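Worksheet: the structure to be examined is printed underneath.
Owing to the predicted nature of the structure, the values given are computational and were not obtained by experimental measurement.
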Amino acid sequence: MYPYTLTQLTRANPFCTPFMVLHEVAEPGHDAPVEPHLKRRFAAASIDDAEVSCEYGSNKYYAICGFGGILSCGLTHTAVVPLDLVKCRIQVDPDKYKSIFNGFSVTLREDGFRGLGRGWAPTFIGYSMQGLCKFGFYELFKSFYSDMLGEENTYLWRTSLYLMSSASAEFFADIALAPMEACKVRIQTQPGYASTLRECVPKMHAEEGIKAFYKGVYPLWLRQIPYTMMKFACFERTVETLYKYVVPKPRSECTKAEQLVVTFVAGYIAGVFCAVVSHPADSVVSVLNKDSGSTAIQVVKRLGPKGVWKGLFARIIMIGTLTALQWFIYDSVKVYFRLPRPPPPEMPESLKQKLGLASH
């Protein structure tokens, strides 16, 4: 049902292109074997097969991408738990936690250094599962949509391809994240409620049932889908722009270390935009998971236009650093396992000929 619906939508929008499959036909009189049809993958050109450990788009490729997502999201989000804790407390109790520096001061005074790590377990588990789906499904959907669009439209509509692929991946990633996110916020923002994940889960289930873990999934979609769309599309286009206008030599001539530096810079730029786009919904999620009887609409009305932007500075620092480190770790995993790492997309020769740009 899901792939069929996607296909119908694709055929009905500006991405539309005839679906054609090219087959090699042997000349008459020759019994040349027919090569199996290979799908042309977006951005898979210019890859030296001797340097990679698997084919682009293979099951092994997606599995390692998912593993890279686990490391990139799980480790980075756990590393910034203290900043996330203060950010959440500013959002849910701005009268007590007036700023990021005041928030750290009050938390240290009341809970000590150990209190800054409150909620690390659900953070690590939840964001590891989110990273698995986010990065693994992103690569899968990007290949899936690219095959439907065709080579030329894939290039022309590549930004929309990144947006569609990341939104589809994040839809599933948030379902995986929601239970642990609910536990994390409850532990961090309700003093005395629970100090560990093992204590929090049965208590929440006893009070509200299974809905306690998924009532925040809709605000999560509102927060995370725009965030992820910006994260992936902005990163992809920033990398393309950096290699085109900033890096003094082609990507193929850059060392792996130099390429990873470009990845980190592009990731930080993308992270700043992500933080701004997703912050209002993040505020709603924090308050919603703290107050068991509230709805998203009630929280928005209570916070007001200014309230939803509380803690933005802390979130920009956190998300900018997070996003840069996530892309750096993810790309490093690809380098370590020798996965195909295509260069920035180039205009197909067939499109150049149609536009009169082909060199003669």
Quick one: do E258 and K249 make a salt bridge, cutoff under 4.0 Å?
yes
Applying side-chain hydrogen bond (donor to acceptor under 3.5 Å, both in side chains), can you list everything that pairs with K354, at least two apart in sequence or on another chain?
E152
Would you check if there is a donor-acceptor pair between the side chains of Q130 and E181 at a distance under 3.5 Å?
no
Do the side-chain N and O atoms of Y97 and T107 include a donor-acceptor pair separated by under 3.5 angstrom?
no
Determine the interplanar angle of the W327 and F235 rings, folded into 0 to 90°, and report it as parallel if under 30°, tilted if 30 to 60°, perpendicular if over 60°.
parallel
Considering only distance and modelled atom types, tabulate donor-acceptor pairs under 3.5 Å from the side chains of residues 113-122, sequence neighbours left out.
none

Students should find that the hydrophobic cluster of I70, defined by side-chain heavy atoms under 4.5 Å apart, otherwise consists of L132
Are E139 and Y61 linked by a side-chain donor-acceptor pair shorter than 3.5 Å?
yes
If we count only N and O atoms by modelled type, under 3.5 Å, do the side chains of T228 and S166 hold a donor and an acceptor together?
no
For residues E51 and R338, determine if any side-chain heavy atom of one lies less than 4.5 Å from a side-chain heavy atom of the other.
no
Using the ring of each side chain (for Trp, its six-membered ring), is F137 parallel, tilted or perpendicular to F141, with breaks at 30° and 60°?
perpendicular
Specify whether F337 and F67 have parallel, tilted or perpendicular ring planes, treating 30° as the upper limit for parallel and 60° as the lower limit for perpendicular.
perpendicular
